Asker: 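Dropping the structure in here first, questions after.
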Amino acid sequence: MKQYILALDQGTTSSRAILFDSAHNILSSAQREFTQYYPQSGWVEQDPLEIWSTQYAVMTEAINRSGIDPHDIAAIGISNQRETTIMWDRKTGLPVCNAIVWQCRRTAPIVDELISRGLSEAIHDATGLIPDAYFSGTKIRWILDNVPGVREKAENGDVLFGTVDTWLIWKLTEGHVHATDLTNASRTMIFNIHTLDWDDRLLRELDIPRAILPEVRPSIHYFGYTSLLGADIPIAGVAGDQQAALFGQGCFSAGSAKNTYGTGCFLLFNTGAVPVESKNGLLATIACSPDGHVQYALEGSVFCGGSVVQWLRDELRFFESSADSEAVASSVPDTGGVYLVPAFTGIGAPYWDMYARGCIVGLTRGTGRAQIVRASLEAIAYQICDLMEAMENDTGSSLSELNVDGGASANNFLMQFQADILGKTVSRPPVMETTAMGAAFLAGLCTGVWKDAGELTAHICDAHRHFIPEMPSDRRQALLQGWHRAVGRSRGWAKPEPY
Ligand code: ADP
């Protein structure tokens, strides 16, 4: 039986491909970075052809390195950077302009206009999202309005829109399939997460023709075949990166959650068959489901996660490599009452204060580098703790264990402090490639490499490292109280009026 799965992990800065076997082992992998374009302040673009050429190169590289026969690959799974918007000519297959990347702020005025027309609630009710320039809807509108000739072609159905998964499926199937999956669709701000269809009202309000939109399929689905890799291989699993990581962590059912500690942090909490409406500014989004029933998640993000460590490294020059932060923080028993609030670009859920700015409080003559490094790592954990509390309030349920992944989850000090401050076990998988793993799981479930979620879980539970909470509860309460006072000091700092 065919037993290998090729997972494509198309990220914001690089394209990667990882070949897994049915026992979840990595046979080979390959990675290539691609160019980021910043044509104006706040604008971020990528070249769709370079996204594709790097993705194609790493696929073939990973297969060649492994030495396996492409005929033994059961399926391809795709996970991708979400929300990034690509439009291309149906006939020539050429992009009409660069991809507008999720971080790009150029459409903030379009979002402001939607809000001023009183559409916030309609957007939130239909899509589960809070109106923002991150999501694809306003990016599509911008291209239709600003790239000459695109609007007319779109009305005739000669231009297509896709998120990055859709673009890769189109290229892999050589222009035969124009489709996306539910998780990626749920990040566009034009998809109704209740009816599971593009939302006619929002399409009207944004003046986007339906003809350009891809078909929406479940994450586990035969999307089409590619013949580009030396065999006919089905594309059988697709999900946005955060949802793929949730799935790759084995969070298949309601009540499970994962946090990814990257540049920022993304906490996703599986809420099962029902989308939960947040009272704390969290997003409702579609999660991958192992069995064909739609599942939802609550999502919260922290703007400044691992990037506070980069700041200590690159701006303050406190150490050479991010990993050194662990030894420096562990060299002191505590921060000596110091708190650092890394609100460099404001602070998100549950505070939502875009005028907050970073601060360090509680400094004494004895404060040194180690205390500040320790306070920075602790701040990452405090922010996750605040998000978790908001999620537990919204869902009315309490989580027993948090699954973790992402670059900064390698930091044992941070993981132990996270467990202590949450009062919950933190569980870290031995293979931290959970995003690619999630894409592989989806494709493998579709093609019968694994028969069901139970079979996957049996493997996943092996060899996790568990960080068990050890901190006495009164200490925990005192630290959290200090953190909340520190956040209070950071709030409103950048407000134009004096106070
Ligand atoms: P992204 O996918 O957002 O680029 P990664 O998952 O690769 O992020 O994680 C990179 C981030 O994690 C960086 O901000 C880096 O400073 C931080 N990081 C990496 N290793 C460690 C470590 N051992 N301790 C603390 N932070 C780390």
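These figures come from a predicted structure and were not determined experimentally. Read the numbers this way: they start at 1 and go in the same order the structure lists the ligands and their atoms.
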Asker: Is a side-chain donor-acceptor pair under 3.5 Å present for Gln81 with Gln10?
Answerer: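 Per modelled atom types, Gln10 and Gln81 side chains form a pair under 3.5 Å.
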Asker: Measuring from each atom of ligand 1, which residues have a heavy atom under 4.0 Å away?
Answerer: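 For ligand 1, the contacting residues are Gly262, Thr263, Gly306, Ser307, Val309, Gln310, Ser322, Ala323, Ser325, Gly406, Gly407, Ala408, Asn411.
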Asker: Taking side-chain contact (heavy atoms from CB on, under 4.5 Å) as the test, write out the residues that go with Thr13, two or more places apart.
Answerer: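 Result, side-chain contact (heavy atoms from CB on, under 4.5 Å) vs Thr13: Gln36.
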Asker: Do Val276 and Phe269 come close enough that some side-chain heavy atom pair is under 4.5 Å?
Answerer: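 Sidechains of Phe269 and Val276: no contact.
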Asker: If we count only N and O atoms by modelled type, under 3.5 Å, do the side chains of His484 and Asp386 hold a donor and an acceptor together?
Answerer: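 Short answer, yes.
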Asker: Do Gln243 and Arg82 have a side chain donor and acceptor closer than 3.5 Å?
Answerer: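 Yes - a donor-acceptor pair under 3.5 Å links their side chains.
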Asker: Passes side chain to side chain contact (heavy atoms under 4.5 Å, CB included), Arg428 versus Met415? Steps please.
Answerer: CA-CA 9 Å; Arg428 186 176 68 195; Met415 293 302 103; 4.0 Å; yes
